[in-house]
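Remember, predicted model here, so these are calculated numbers, not experimental data. Per chain, numbering begins at 1; letters A, B, ... match sequence-line order.
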Protein chains: 2
Amino acid sequence: MQKKNLHALMHTSTHKRSYCANFLVQQAAHRGAEKRGNMEDRRKITIADVARAAGVSNSAVSYALNGRPGVSPETRDKILQTAHNLGWQPNRAAQSLSAAKSRSIGLILDGDPSLAAVEPYFMRLIAGVTQECEKNNYSLVLRRASTAQAEVPVIEQWIASGAVDGMILTNVEAHDARFSVLVDHPDFPVVALADPSMVPHLPTLFSDDVQACSMVLEHLTQLGHKSIAHISGPENLSHTQIREKALKNMCEQQGIQYTSIATDYTSEGGTAATLELLTRYERPTAIIYDNDVMALAGLVALRKNGFSIPRDMSLVSWDDSVLCSTVSPALTSMYRDVVNAGERVTQMLLALIDGHEAPSQKEKPYTLMVRSSTVTPHHA
Amino acid sequence: MQKKNLHALMHTSTHKRSYCANFLVQQAAHRGAEKRGNMEDRRKITIADVARAAGVSNSAVSYALNGRPGVSPETRDKILQTAHNLGWQPNRAAQSLSAAKSRSIGLILDGDPSLAAVEPYFMRLIAGVTQECEKNNYSLVLRRASTAQAEVPVIEQWIASGAVDGMILTNVEAHDARFSVLVDHPDFPVVALADPSMVPHLPTLFSDDVQACSMVLEHLTQLGHKSIAHISGPENLSHTQIREKALKNMCEQQGIQYTSIATDYTSEGGTAATLELLTRYERPTAIIYDNDVMALAGLVALRKNGFSIPRDMSLVSWDDSVLCSTVSPALTSMYRDVVNAGERVTQMLLALIDGHEAPSQKEKPYTLMVRSSTVTPHHA
DNA sequence: CTGAAAGCGCTTACAG
DNA sequence: CTGAAAGCGCTTACAG
């Protein structure tokens, strides 16, 4: 039925490109062949098929395919050969059921992952995670929830259903709603991307945001800045809290004026917070933005209000995307290798799944990319 | 036991620091307690446990939980209640094995998904796909390959292992290496995100790039442009070919000078192509970029060469990210609802998996976001 | 070194 | 309306 459709479709499109034409002929031939043995073809090839073809028992096949002792070298070769010839692949569900392992790990996208400001982060993280998964023949199972709270049932399901062997926890919040499920199941492997102080009961891969803060501050104070503002992400995120506290403490210690506004990582939030800063009596001479989208928005907003950048205001962006290096003036920013973090957090999780220890680790340090948006302020 | 932990946790969390310390102590206590009943605790709850607790047979439980006839209303209620009390969740592997369905769909990230230029596209697509998956209780399995060619073994494995019930095909190329595997398995559900003319044997969800081209051209010609350049993505992508052909044809028909340079979607590529354009004898008065990263790079490069934008050159970006609306001048760009495309392509795939027809569909039309980067050229 | 058999947790005809 | 039993495809003690 389907096949007839395809046929018709193909024949009518033959004059489009001879490439298609050829393709279609092969298609047709192939389909013709298929019609015959269809019912039989449908069945997937199992270990029993291989056993029959090789003239051995199922268990011999299993041993051979899993590289275990119990078969003679010759038998093993013969089995491997016929398995390959038949195009056998282990049935995932059967393996999982038998082993009580899914060979999958889970990641839940929370908040709005299509929010421009968080897209690059998640995508890079996923790139790293999948990269490492491929190496170990694991799959990444991706699900989605609107809030940390909404992740709870997904996690419960994962644990009870055995759909994944472990998971990666991102966007940790203070008093995170997910903690209690995880505490109830201390043997479910989990690695968090968060500061250990915020997640004392789980191994974490953490970025050294405190050190990053001190790098930024050192850069700015060396240029002569005495009044600095911080336009941050959402207050309840552990990331935000750590940066906020670190910057505040350091500024106090060094006698630097410090002010901050928490916002939401969006372009609009960045614009609004920047404008709010300008209305304050004492204006800062430098602004640190918690991401690049807000930094760009700030740059544009400042210009519209007659500021020349970097002359009248120095800007630092916390995330370093192409945007920072492409825009003019290029933005000084903190670079963090998120792809690598994805790889490492996956390594840790797989170690945990394999029953090893996975002590918390530090990410590669941030790099401060000094570009054109930070200069010595007027009065200095 | 667990509850006590949580309780304690909450009570102590009144002041920040002691929260951590206390938590650890309880953790330790918890683990200690675990050592005893470990063996029993480890076992997941199965249908047999529920049956025993409810005093019925396994099959009765199965019927009740799956909402099938075969159990009396009272029995059903009792079963559902005890299942819930015990925290039963179906074991995924067992269900998959029995049903020969994984309730998962696959997506392979190819090329370099952490390439700045493709990050937003993939992330939005994934956001849409997972969104729709959640609604239908499906999972998204994500894997990674460096090229279309490298996807082939992954696809073969998926098909033979039953790891996923179907897949979404992206970044289709001319003479795509993946076609032959898919042709060999015509019953494996696949939906492509590509123009039907490039994938005659698969249902597709396609954007109307031809219409989009005509919108852009109409906008530019109405402003008075007579010479237009196109800085495109990689030549072998079906997307690129379609846009290229459409723009070329339309320009010819309307007596507009047309030139194009294929590049790689990167910022560097955009810069280089833009500069190359400037060296040509006849300069265009407007440039269409195939993505926003290149458009921004072009804007900056033009400025560095003394061009005032939009006065000396009109710019159009094909993708509309925050970048386009935030930068100054804001870039005129083509908006495409990729999240929605992700949802719809998933709907199509799930329909196919359920044995329904899934005829090719058109995406929501592009919207031309007219902003400040396109104006009437000097000489007009 | 090899084979017959039980088990993983679910579903589903098939008898009662 | 309900229960006993076989089966999905693999793994793994356990006999030979």
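The CG-C1' distance, from A/Asn91 to C/dG9, rounds to 14 Å in whole Å. B/Asn58 has its CG atom 14 Å from the P atom of C/dG7, to the nearest Å. Going from atom CG of A/Leu65 over to atom P of C/dT2 covers 14 Å, rounded to whole Å. B/Arg103 has its CZ atom 15 Å from the C1' atom of C/dT11, to the nearest Å. Computed from coordinates, the B/Leu97 CG to D/dA6 P distance equals 17 Å when rounded to whole Å. Remark: C1' of C/dC10 and CD1 of B/Ile45 are 16 Å apart, rounded to the nearest angstrom. Distance B/Arg52 CZ to D/dT2 P: 19 Å, rounded to the nearest Å.
Within the structure, a side-chain polar atom (N or O) of B/Asn66 is placed less than 4.0 Å from OP1 or OP2 of C/dT11. Of the side-chain N and O atoms in B/Ser57, one or more sit less than 4.0 angstrom from OP1 or OP2 of D/dG3. Within the structure, every side-chain polar atom (N or O) of B/Ser98 is placed at least 4.0 Å from both OP1 and OP2 of C/dG9. For the OP1/OP2 pair of C/dG9 and a distance below 4.0 Å, the side-chain nitrogens and oxygens of B/Gln95 include no atom meeting the criterion.
Taking every side-chain heavy atom of A/Ile47 into account, D/dT11 is the closest of D/dT11, C/dT12, C/dT11. In the set C/dT11, D/dC10, D/dT12, D/dT12 carries the atom at the smallest distance from any side-chain atom of A/Arg68. Each of C/dT11, D/dC1, D/dG9 was ranked by its minimum atom distance to the side chain of A/Thr46; first place goes to D/dG9. Relative to the side chain of B/Ser62, the nucleotides C/dT11, C/dA5, D/dG3 differ in distance, and C/dT11 lies closest. Nearest to the side chain of A/Ala94, among D/dC10, D/dC8, D/dT2, sits D/dC10. Of the listed nucleotides (C/dC10, D/dG3, C/dG3), C/dG3 has the atom at the smallest distance from the side chain of A/Val56. Here the nucleotide nearest the side chain of A/Ser59, chosen from D/dT11, C/dG9, C/dA4, is C/dA4.
Side-chain contact annotation: B/Asp165 with B/Ser102, donor-acceptor N/O pair under 3.5 Å present. Between the side chains of A/Arg76 and A/Gln81, no donor N or O sits under 3.5 Å from an acceptor N or O. For the residue pair B/Gln157 and A/Arg92, no side-chain donor N or O sits within less than 3.5 Å of a side-chain acceptor on the partner. Between the side chains of A/Ser59 and A/Ser62, no donor N or O sits under 3.5 Å from an acceptor N or O.
Counting non-hydrogen atoms under 4.0 angstrom, A/Glu74 reaches nothing in the nucleic acid. Backbone-only engagement by A/Thr75 is indicated by non-hydrogen atom pairs under 4.0 Å involving sugar-phosphate atoms exclusively. Using a 4.0 Å heavy-atom distance criterion, A/Pro69 is classed as making no nucleic acid contact.
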Check: Can A/Asp112 and A/Arg144 be said to form a salt bridge (Lys or Arg N to Asp or Glu O under 4.0 Å), step by step?
Finding: CA-CA 9 Å; A/Asp112 186 352; A/Arg144 181 153 200 242; 3.7 Å; yes
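Heavy-atom minimum distance, A/Ile45 versus A/Leu86: CD1-O, 2.6 Å.
With both pairing distances under 3.5 Å, D/dG3 is matched to C/dC14 as a Watson-Crick or G-U wobble pair.
Mapping B/Ala93 and B/Tyr63 onto DNA chain C by nearest heavy atom places B/Ala93 at the nucleotide closer to the 5' end.
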